[in-house]
Structure formats: C-alpha cells, structure tokens
Amino acid sequence: MTDSKVMNIAKKRGFLWSSFEIYSGSAGFFDYGPLGAILKSNIIEKWRKYYIIQEGFYEIESPTIMPEEALKASGHVDHFTDPMTECKECMEVYRADHIIEDVIDQEVEGLEDQRLTEILSENQIVCPKCGGHLTHVWSYNLMFQTLIGAKGKKTGYMRPETAQGIFIPFKRLLRFFRGKLPFGVVQIGKAYRNEISPRQGIIRLREFTQAEAEIFVDPSIKTHPKFDKFADDTLTLFSAEQQMNSRELEKINAKKAVEEGIISSEILTYQLCLAARFLSDLGIPSDVIRFRQHLPTEMAHYAIDCWDVEVQTDRFGWIEIIGIADRTDFDLKSHSTHSKEDLSVFIEYDKPKTITKLGVKPDMKKFGPLFKGDAPKILDSLKNLDATVIKKGFDEEGKFKLEIEGKIYEITPDIISFEELEEIIRGEKVLPHVIEPSYGIDRIIYSVLLHSYKENEDRTYLKLEKEIAPIGVSVFPLVNKDELVETANNIRDELRNHGIIAEYDGSGTIGRRYARADEIGVPFAVTVDHETLENHTVTIRNRDDLKQVRKPIKDIYNILVNLLEGRIDFEDI
RNA sequence: GCGGUUGUAGUCUAGUCUGGUUAGGACUUGGGCCUUCCAAGCCUACGACCCGGGUUCAAAUCCCGGCAGCCGCACCA
C-alpha cells in the first residue's frame with residue numbers, strides 16, 4: 001500500500017510522528033517533525049497566496065478557547081453532539097436516534113435526550129444485538145471542555161472550527177471593509193474535536209489545522225465578477241443526483257455546471273475551481289480529485305448547497321479534504337439573535353425608491369393625559385404598525401383596539417390623525433450570506449505526500465512540487481576529499497545566504513546521498529566533483545529525471561532561486 | 001465505546017508455546033577506509049523486550065490492568 005510506504009518515510013525522515021510516543025501515545029494527535037513543519041508552512045504560505053493575495057481576502061486570528069455563550073449561539077453546545085445509549089447487558093454503545101429510527105421508522109433527529117429515552121421505553125426498544133435493556137440517553141458532545149479563570153469557573157470550549165472566530169467580530173470586520181459587500185476573511189489555525197475513536201492516522205485528528213475563508217456576500221448577488229477566468233475549467237463532479245442514481249462521475253465545464261444548475265451558484269462554482277487549481281498547484285493530480293455534493297439528507301440544516309472536495313486514497317477510499325458550502329445567513333442570524341447585536345449590512349439601491357405611505361400623527365395633548373405612563377410604549381407600538389390597519393378599524397368600528405402585553409388600549413379617531421408621508425428609501429438592511437471554503441490542512445498534507453510518492457526499480461522518491469518541498473537543495477561532494485568537502489560546504493552556506501533551505505550530506509557514497517535526498521523530495525542537488533577544482537563549475541541534478549547540467553559556481557545561486565520559485569524550468573537553464 | 005488480535009533498536013525480524021548465560025540477525029543511521037555520479041564493498045560504533053502491578057529463586061516469556069497499533073461493529077455535527 002502506498003499509504004504505509006509514505007507513512008513509513010514520513011515517520012523515518014521527520015515529516016509526521018504520532019504524539020507523546022514515549023508515554024505510549026494518545027490517539028488522534030500528531031507531531032509535525034522538522035520536514036513536516038516546513039512542508040506544512042510552505043503549503044499554508046501557498047494558500048495565503050491564493051486567498052489573501054489573489055482573492056484579496058484578509059486574515060485574522062482569534063482565540064482557540066471560546067466562552068460557552070459563543071458556541072451556544074453557533075449551535076455547537078447543543079447540537080455538536082451525538083445522543084448515545086448503552087446496552088446494560090452486553091455494554092454495546094449505540095447512537096440512540098439511529099436505533100429508534102430503525103425500529104419506529106420515524107424521524108427523531110433533534111429531539112432531546114429525555115424524549116429519546118422516553119421513546120426507547122415507550123416502544124420497548126432493546127439492544128439489537130442481545131436484547132438487553134438500554135440505558136438512558138446521554139449526549140456525547142465532541143467539544144473539549146475547559147474552565148476559564150480561577151474563580152468564576154466560566155465554562156469554555158476548544159473551538160471546533162475556526163469559522164466562528166470570524167462570525168463573532170463581524171461588526172468590526174464590516175467596518176474594516178467600510179461597510180461594503182462582498183468581502184472575505186480567512187483564518188488559519190487549530191480546531192479541536194474530541195472524536196470517539198480516531199483510528200485513521202492523520203485523517204482523523206482530535207487537534208487539527210483548518211484554513212477557512214468566510215466570504216460575505218449580498219444574498220441577491222451570487223455571481224462572481226471574475227468567473228470568466230475559470231469558466232472553461234473542467235471539474236469532476238459527483239452531484240447528489242448522480243450519487244442517488246449511482247451513476248458515474250461527470251467531467252463538466254465550470255460554466256456549464258452553473259448553467260445547468262448542478263452547482264447552485266456561480267460564486268460557489270468559482271470557489272470549486274479555485275480549490276481545484278490550488279490542489280493542482282500542490283501537485284495533486286486532477287484524476288484523483290472529485291467534487292461530491294452533499295445529499296439533501298446529509299446537508300447541514302444551515303446550508304443550501306455544499307460540495308466536498310475529495311481525494312482518492314488507497315487506504316481510506318475517497319476522503320474529504322475541503323468542504324465548500326453556501327452557509328446562507330445562518331451563522332450571522334444566530335449570533336445576532338443571541339447577542340442582540342445588529343449584524344446586518346445596509347445595501348444601497350442603485351436608485352433610491354420613493355414611496356408614499358400613511359403615517360400616524362398622535363395628538364399629544366390628549367394622548368398623554370389619557371394613557372399616562374403607558375403612553376410611550378403605545379406610541380412606539382403605533383409607529384411600528386401599518387397605519388392602514390388603524391384606519392380600517394376606525395372606518396369599520398370607529399376605534400382601534402391595540403393590544404400590548406395582554407392589555408388592550410382603545411385608540412379613537414379624536415386622538416390621532418393620519419398624514420400621507422413621502423419616504424425615500426435608499427437601500428435595505430440584509431444579513432449577508434456566507435460562502436465558505438474550509439480546508440483540512442492535515443489531510444491535504446497527507447494527500448500531497450501520498451500522491452507525490454513515486455517508485456520504480458531503481459529508486460523511490462517524493463515528487464514534491466519544488467515550491468513546497470521542505471529542502472530546496474542538497475549539496476554533495478562526489479567523494480570525500482577535503483577540497484571537495486570544503487567547497488560543498490561553502491556552496492551550502494551561500495545557498496542559505498540566498499534564502500534557500502540547503503543541506504550538505506557527505507555520508508556514504510554519492511548514490512546513497514542522492515537516494516536520501518530523493519526520498520524526502522529535494523528537487524535539486526548540487527554536486528562538487530574533480531572538475532570543480534579545475535574550472536569552478538558544479539553540476540545541478542534534477543530530481544525528477546536525474547538529468548544534470550554543469551554551471552559555474554557563481555551562477556548557480558540565481559539559477560536555483562529562480563528554479564525553486566518557479567520562474568524558470570530545469571530544461572531552460 | 002464494544003469485541004478480536006498484536007506490541008522486541010529508526011525499520012523488519014529470531015527468541016515467547018515449554019520462564020534460566022551477555023536478547024541474536026538483517027537493513028538503516030553515525031564515524032572511518034575505499035570510491036571520479038545514482039541505495040556497491042570493508043572496518044567500527046550507537047541502538048530494543050510498550051507501561052504498571054502480580055506469580056516465581058528467576059519474567060521478553062506466565063497472569064491481571066492500562067496505553068497504543070491493526071481488524072470487525074459502532075461513530076464521524
């Protein structure tokens with residue numbers, strides 16, 4: 001299996017280690033070793049080039065520990081849980097909702113634990129395996145809980161996603177972007193989920209790194225001004241319809257996917273294309289990537305369309321590495337309700353609209369004495385009412401009954417008059433919709449390693465893209481002669497002065513040195529040989545085809561910088 | 001979380017059943033020799049019984065518990 005070969009190299013050469021090894025480890029945690037950490041940072045840096053530089057989004061950084069209220073509002077405290085029940089006899093643990101649905105054939109999702117427990121006993125549901133009694137239902141929340149502060153004992157949680165850290169300061173962000181949609185904000189950082197049983201290596205972690213972008217858009221404008229640049233890209237889609245009819249993947253032109261309504265909007269399609277290009281830039285071939293649409297049954301209640309970018313693996317099958325969703329206004333609406341903050345955006349019309357409407361004008365001389373202390377709230381209530389309703393009351397019954405907090409007030413024509421008001425409406429307040437590409441960085445790193453692994457009879461190597469390879473250049477003496485060793489070390493130092501991560505290796509024979517460098521995907525090697533001493537030239541070796549070219553030492557620094565930054569190709573030097 | 005199974009240097013493995021010398025080998029890695037371009041050879045060195053308890057004169061070996069890996073079930077907002 002490629003998986004085991006790659007994970008072997010990853011462990012042996014310092015990309016990935018399972019954490020806390022000397023204390024026998026803890027499932028769901030991984031260390032990035034020296035090479036892994038550089039690879040990760042190179043990949044994240046590339047992500048920033050895409051989303052921050054190219055798309056013009058801005059990055060923020062928010063705490064990984066969040067107070068309970070914030071996650072209550074987002075729904076995670078109550079809903080990021082699974083209802084569980086256990087058999088008292090054989091100790092088997094089940095999802096309570098699943099075994100209920102199996103027996104009574106009724107949707108019970110979202111019901112309280114108490115209610116589920118009742119349903120279990122009402123229907124005399126027993127353990128499907130041994131027929132034993134089941135315990136009461138409890139919620140297993142996947143968030144890590146902690147306490148904030150020594151005294152107040154305020155409950156906090158490790159964030160289960162970075163997204164919430166962007167929604168919460170929305171008002172500040174909106175002001176930063178000077179009140180105009182659309183705008184995008186990204187966050188790269190750790191997120192935490194206390195998985196019940198993480199057993200898939202780096203695929204299922206309890207602490208993992210996300211790179212998320214939240215793009216806030218006008219709900220009525222889901223096009224993208226730069227869609228043209230991706231319109232001809234080909235996407236491999238596995239739509240909900242295809243999945244339900246168990247049909248094949250469909251390769252389709254991006255523009256067509258929008259036109260045929262397979263993907264719900266142009267802006268979502270744009271994000272799919274952007275993700276595809278990013279992955280391709282990381283060296284993941286397009287034939288191991290597909291876009292799988294969430295089925296209506298699996299779609300989170302807040303999303304109207306969601307596509308997972310999946311990568312094919314030999315060990316786990318298709319795994320999700322990116323989720324791209326239209327989250328609508330769910331999050332902002334929810335935070336707005338809980339925090340009582342107005343999180344809407346004023347969207348100005350192209351042309352102001354003028355409308356005439358009936359306004360209510362109370363006669364305060366009579367109004368005040370009549371209602372005394374209640375007057376202010378009556379006024380407030382009247383202002384929010386449609387004046388025509390009041391007028392209708394007067395016309396039909398000669399009065400209007402206004403009910404506030406259970407109390408009824410009689411409004412009569414002598415205390416108010418009506419007036420025609422002309423109002424200019426320049427725009428309206430709307431809650432933005434959110435388009436969210438959410439990257440699982442650890443899974444992407446796994447995919448990159450997995451699909452860069454190459455082997456043939458002679459050698460094994462990682463074909464890492466030169467821009468993300470942890471080590472840029474290896475420098476070797478052809479044989480261990482003092483003069484060659486010294487020159488090689490000098491070249492290594494000078495490469496470092498040019499900003500390249502370079503290593504010297506003088507151990508074993510030249511072949512072994514190349515092999516060691518290949519195994520960790522070093523794209524280029526510089527070899528100092530006997531000719532170097534005569535004419536100050538060295539060879540540059542290209543990892544992928546083993547070709548070598550000879551160049552003067554003084555020229556190689558700029559050549560290698562240009563090669564590594566992708567400005568020139570090896571064939572051109 | 002349940003059941004099965006496994007755990008010996010960085011890696012692969014012998015030894016475990018049947019307790020008993022200094023836990024053996026190969027590869028890798030470090031140092032050296034040799035070597036004028038792709039894991040060669042020679043010398044040399046470093047390096048391990050998952051953790052904790054128990055049984056025993058004596059535990060890598062037997063027993064119990066924990067942890068971790070693998071497989072199956074379950075789970076994956």
Side-chain angles (χ1 to χ4, degrees), chain A residues 4-5 7-14 17-29 33 71 74-87 89-99 109-110 127-130 132 135 138-143 160-161 193-201 203-206 294 298-303 306 315-316 319-320 323 457-461 474 476-481 484 505-519 525-534 538-539 541-543 545-548 550:
Chain A
S4 56
K5 288 173 182 167
M7 289 313 281
N8 244 328
I9 293 173
K11 194 192 230 183
K12 183 167 74 171
R13 301 303 304 276
W17 297 319
S18 45
S19 301
F20 317 116
E21 266 183 330
I22 64 166
Y23 298 108
S24 69
S26 180
F29 297 98
L71 290 161
S74 69
H76 286 90
V77 170
D78 296 322
H79 300 119
F80 193 47
T81 60
D82 293 327
M84 311 293 280
T85 184
E86 187 180 24
C87 173
E89 253 62 53
C90 68
M91 309 305 274
E92 186 76 55
V93 173
Y94 300 98
R95 274 279 297 259
D97 51 345
H98 285 191
I99 61 171
E109 204 189 297
C127 174
K129 213 170 176 181
C130 74
T135 64
W138 77 91
S139 285
Y140 179 77
N141 191 298
L142 275 79
M143 290 194 292
E161 58 174 12
R193 298 177 188 186
N194 199 359
E195 301 288 351
I196 297 172
S197 172
R199 274 197 301 185
Q200 291 146 290
I203 296 309
R204 193 158 206 79
L205 294 174
R206 288 189 164 123
H294 278 203
E298 74 179 306
M299 188 126 55
H301 54 290
Y302 51 74
C306 183
R315 181 170 166 208
F316 307 110
I319 57 164
E320 177 197 349
E457 3 9 287
D458 306 321
R459 61 186 189 127
T460 62
Y461 64 106
S474 287
F476 310 127
L478 185 62
V479 292
N480 288 343
K481 289 255 164 29
L484 301 186
D505 185 355
S507 179
T509 59
I510 187 67
R512 184 166 288 280
R513 294 169 202 161
Y514 286 140
R516 270 194 291 257
D518 285 343
E519 193 179 45
V526 169
T527 307
V528 178
D529 57 18
H530 64 292
E531 224 181 304
T532 308
L533 301 179
E534 292 162 15
V538 290
T539 60
R541 170 191 182 263
N542 189 36
R543 176 196 64 205
D545 58 12
L546 308 183
K547 286 194 179 127
Q548 286 179 291
R550 184 169 287 277

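Just so it is clear, the structure is predicted and the values come from calculations on it, not from any experiment. What you see below is based on every heavy atom in this structure, not just the backbone, and it leaves out hydrogens, waters and symmetry mates. Convention: sequence-line order gives letters A, B, ...; per-chain numbering from 1.
- Within the nucleic acid shown, T81(A) has no heavy atom closer than 4.0 Å to any nucleic acid atom.
- Checked by distance alone, R541(A) brings a side-chain donor or acceptor within 3.5 Å of a matching partner on the base of C38(B).
- Contacts of R13(A) with the nucleic acid, taken as non-hydrogen atoms under 4.0 Å apart, are absent.
- Taking atom CD of residue Q200(A) and atom P of nucleotide G69(B), one finds them 11 Å apart after rounding to whole Å.
- At least one donor-acceptor pair under 3.5 Å links the side chain of N141(A) to the backbone N or O of V77(A).
- Residue-level contact check: L142(A) touches neither bases nor backbone, having no heavy atom under 4.0 Å from any strand.
- Between P160(A) and H76(A), the shortest heavy-atom distance links the atoms CG-CD2, 3.5 Å.
- The distance between atom NE2 of H530(A) and atom C1' of U35(B), rounded to the nearest whole Å, is 14 Å.
- Applying the Watson-Crick and G-U wobble criteria (two distances, each under 3.5 Å), A68(B) pairs with U6(B).
- The partner of C62(B), taking Watson-Crick or G-U wobble pairs whose two distances both stay under 3.5 Å, is G54(B).
- Note: CG (L205(A)) to C1' (C75(B)) measures 16 Å, nearest angstrom.
- Two residues, D518(A) and G506(A), neighbour RNA chain B, and the one matched to the more 5' nucleotide by heavy-atom proximity is G506(A).
- Separating the CZ atom of R512(A) from the C1' atom of G32(B) is a distance of 16 Å, rounded to the nearest angstrom.
- Nucleotide G1(B) forms a pair with C73(B), judged by Watson-Crick or G-U wobble geometry with both contacts under 3.5 Å.
- A donor and an acceptor atom sit less than 3.5 Å apart, one in the side chain of Q548(A) and one in the base of C37(B).
- Out of A39(B), G31(B), A77(B), the shortest distance to the side chain of T460(A) is found at A39(B).
- With U11(B), A68(B), G30(B) as the choices, the nucleotide that has an atom nearest any side-chain atom of S507(A) turns out to be G30(B).
- When all heavy atoms are compared, the tightest approach of S474(A) to A517(A) is OG-CB, 3.7 Å.
- Picking from C37(B), U11(B), A77(B) the nucleotide with the shortest atom distance to the side chain of N8(A) gives U11(B).
- Between the side chain of T539(A) and the base of C37(B) there is at least one donor-acceptor pair of N/O atoms closer than 3.5 Å.
- In this structure, the CZ atom of R513(A) is 14 Å from the C1' atom of G30(B), given to the nearest Å.
- Take the nearest nucleotide of RNA chain B for R516(A) and for I22(A): the residue whose nucleotide is more 5' is R516(A).
- Here A40(B) presents its P atom at 16 Å from CZ of R459(A), a figure rounded to the nearest Å.
- Across the protein-nucleic acid pair, E519(A) atom CD and C27(B) atom P stand 17 Å apart, rounded to whole Å.
- Residue A515(A) places its side chain closer to A39(B) than to any other of U11(B), A39(B), C37(B).
- Across the strands present, C46(B) finds no partner; the criterion is a Watson-Crick or G-U wobble pair with both atom distances under 3.5 angstrom.
- Residues I203(A) and F316(A) come closest through the heavy atom pair CG1-CE1, 3.3 Å.
- For C51(B), the base has no donor-acceptor partner in the side chain of Y23(A) [N/O atoms by modelled type, under 3.5 angstrom].
- Proximity note for A27(A) (side chain, C-beta onward) versus A68(B), A77(B), C37(B): the nearest is A68(B).
- Taking the centre and axis of the six-membered ring of Y514(A), the NZ or CZ atom of R541(A) falls inside the cone set by 45° and 6.0 Å.
- Using a 4.0 Å heavy-atom cutoff across all strands shown, D458(A) reaches at least one base atom of the nucleic acid.
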